[in-house]
Amino acid sequence: MTESQTQYVGLLGWPLDHSLSPVMHNAAFEALDLNWRYLAMPVRPDQLAPAVHGLAALGFRGANITIPHKQAVLPFIDWVSPDAQEIGAVNTLVIENPPDLQSHVCCRGYNTDVPGFLQALRWAGYDPAQEHGQAVVVGAGGSARAVCRALLDSGIRHLIVLNRSLEHAHQMTDGLKTTATITVLPLTNEILVETTRKSSLLVHTTPLGTWPRTDQSIWPEGTPMPGNLFVFDLVYNPVETHLLEHARRSGARAINGLEMLIRQGSLSFELWTGHKPPLEVMRRACQEKLNHRG
Ligand code: NDP
């Protein structure tokens, strides 16, 4: 294949200092001998519209969208999947650029965080449909929207959302279609400890504990965590946050955000290329990059 036939995809976000997505996708393309390249493309918030239109004009096959563009990108897309429309966040663009001049370029938006989170949760041994449980989600940002949609789709009957801003939490839950019960409460140590005691799952979706501020945690120091809890921390750098360390010491099952990153990426990969993603290759590439960072 010649250089001119190389197919391009990439990541739009701001800033993009520590993304694992380029190494993960490029390793997958190489493993399947696909002449594709994944580029990291930092895009300032005020340049998002020209950037998306520019991708289509340059013949890109698609892109991932990350903080802070997941919600802002919606007006620039021709078609948005029902899931992504409902939660108001897109993390994957698929661009069809037909060679005949009569057909228009079409940009479609998806949210692979929703199935990516669920796949990772089940992979780690927690099946919401089996547990019939109550879940606590901490945070109400873009990732929390995907997590809540996934949990409601998978059989959770009572969802408790704890957030610093109650207004943001209500904005998020008001748009969720469900027959399950949703309770919104302020994020305080007492409420967190009390609600998790009656729950089987705790999902942490705020950036607290992410490198370099690794000393931060939502869980109060010195308070035991219920041993029957399953803890999912969306943070993956460091691989063990204080929250996960706490869970491990309490005997609770726990998983970091790396598998979710891999699963959402693998679903984007399949949407772009039509090929089954090489999960083990993608996992290894991410782990090597994280180890290399120390
Ligand atoms: P957003 O900026 O959309 O949301 C951030 C949320 O965190 C808000 O609810 C905010 O509360 C809360 N928050 C921020 N700072 C604090 C604080 N100091 N104390 C308490 N709450 C706080 O971010 P995202 O939802 O997009 O991402 C959140 C995290 O999840 C990031 O670390 C990101 O890397 C990770 N992530 C991981 C993924 C994976 O695949 N593993 C996928 C997507 C995200 P408030 O509403 O009050 O402002």
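Computation of the quantities below employed the complete heavy-atom set of this structure, encompassing side-chain atoms and omitting hydrogens, waters and symmetry-equivalent molecules. Ligands are counted one by one from 1 in listed order, and the atoms in each one are counted from 1 as well.
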Closest heavy-atom pair and its distance - Ile191, Leu162: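 Smallest heavy-atom distance, with atoms named: CG2-CD2, 3.7 Å.
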Nearest heavy-atom neighbours spanning Ala89 and Asn111: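 Closest pair (atom of Ala89, atom of Asn111, distance): O-ND2, 2.9 Å.
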Any idea which protein heavy atom is nearest [atom], and the distance to it?
| atom | answer |
| --- | --- |
| atom 7 (O) of ligand 1 | Thr206 CB, 3.3 Å |
| atom 28 (C) of ligand 1 | Thr205 O, 3.0 Å |
| atom 42 (C) of ligand 1 | Met260 CE, 4.0 Å |
| atom 22 (C) of ligand 1 | Arg164 CZ, 3.8 Å |

Nearest-option assignment for atom 45 (P) of ligand 1, heavy atoms, candidates His204, His168, Gln71: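 The nearest heavy atom belongs to His168.
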Cationic N near anionic O, under 4.0 Å, Arg248 to Glu245: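 Result for this pair is no, no salt bridge flagged.
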Out of all atoms in ligand 1, which are within 4.0 Å of some heavy atom of [X]? Include the element for each.
| X | result |
| --- | --- |
| Gly139 | 9 (O) |
| Ser143 | 24 (P), 25 (O), 26 (O), 27 (O), 28 (C), 30 (O), 43 (C), 44 (C) |
| Tyr236 | 41 (N) |
| Lys70 | 43 (C) |

Any protein heavy atom < 4.0 Å from atom 34 (O) of ligand 1: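 No.
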Worked check of salt bridge (charged side-chain N to carboxylate O under 4.0 Å, His left out) between Lys70 and Asp113: CA-CA 11 Å; Lys70 282 184 187 179; Asp113 284 335; 2.8 Å; yes
Lys/Arg cation over aromatic Trp79: Arg108, 6.0 Å, 45° cone: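 Yes, Arg108 lies over the aromatic ring of Trp79.
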Check: Gln264 main-chain N/O paired with Thr112 side-chain donor or acceptor under 3.5 Å: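 Looks like yes, one N/O pair under 3.5 Å.
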